[in-house]
Amino acid sequence: MNQQAYEKMGSFRQKVIRLVYVEKKSIYETAIACGCSAEKVKRVMKKWKALSRHEVVTLPPTEE
């Protein structure tokens, strides 16, 4: 999990990400647990994927 991108998100989005990616809950189980719609969970997942991809691309190279 990309910790920097995770910390940038609000508490609701962090809860959704934790339920979907860490606890391996389905979209519908996550929606019920968070009290929102499945569409909102899908939007959060889409934003997470975009942020994660962006963070990986923009990380500076490590010097060893």
Side-chain angles (χ1 to χ4, degrees):
M1 181 184 304
N2 189 338
Q3 194 64 27
Q4 292 174 339
Y6 183 76
E7 290 174 356
K8 287 182 182 179
M9 297 194 151
S11 61
F12 172 77
R13 290 186 173 142
Q14 288 179 357
K15 182 178 180 181
V16 169
I17 292 164
R18 183 176 38 81
L19 287 170
V20 172
Y21 292 107
V22 177
E23 297 181 16
K24 306 291 186 199
K25 300 286 184 183
S26 73
I27 292 172
Y28 302 106
E29 289 174 324
T30 303
I32 291 168
C34 293
C36 65
S37 67
E39 291 299 318
K40 188 167 184 177
V41 172
K42 289 178 185 178
R43 286 194 303 267
V44 170
M45 290 170 58
K46 184 177 179 181
K47 182 174 178 107
W48 170 250
K49 287 179 184 176
L51 271 178
S52 295
R53 193 174 317 122
H54 179 71
E55 289 293 326
V56 170
V57 171
T58 60
L59 287 176
T62 58
E63 296 179 20
E64 292 182 18

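Counting from 1, the numbers follow the sequence of the chain as shown. Keep in mind that what you see is a predicted model, and the values were worked out from it rather than measured.
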Determine all donor-acceptor pairs shorter than 3.5 Å in which one atom belongs to a side chain in residues 31-46; sequence neighbours excluded.
residue, atom, partner, partner atom, Å
S37, OG, K40, N, 3.2

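Counting only residues at least two apart or on different chains, the salt bridge (charged side-chain N to carboxylate O under 4.0 Å, His left out) pairs with a member in residues 20-35 are R18-E23.
The same ILVMFWY cluster, assembled from side-chain heavy atoms under 4.5 Å apart, contains both F12 and I17.
Annotation: side chain of W48 is in contact with side chain of M9 (closest heavy-atom distance under 4.5 Å).
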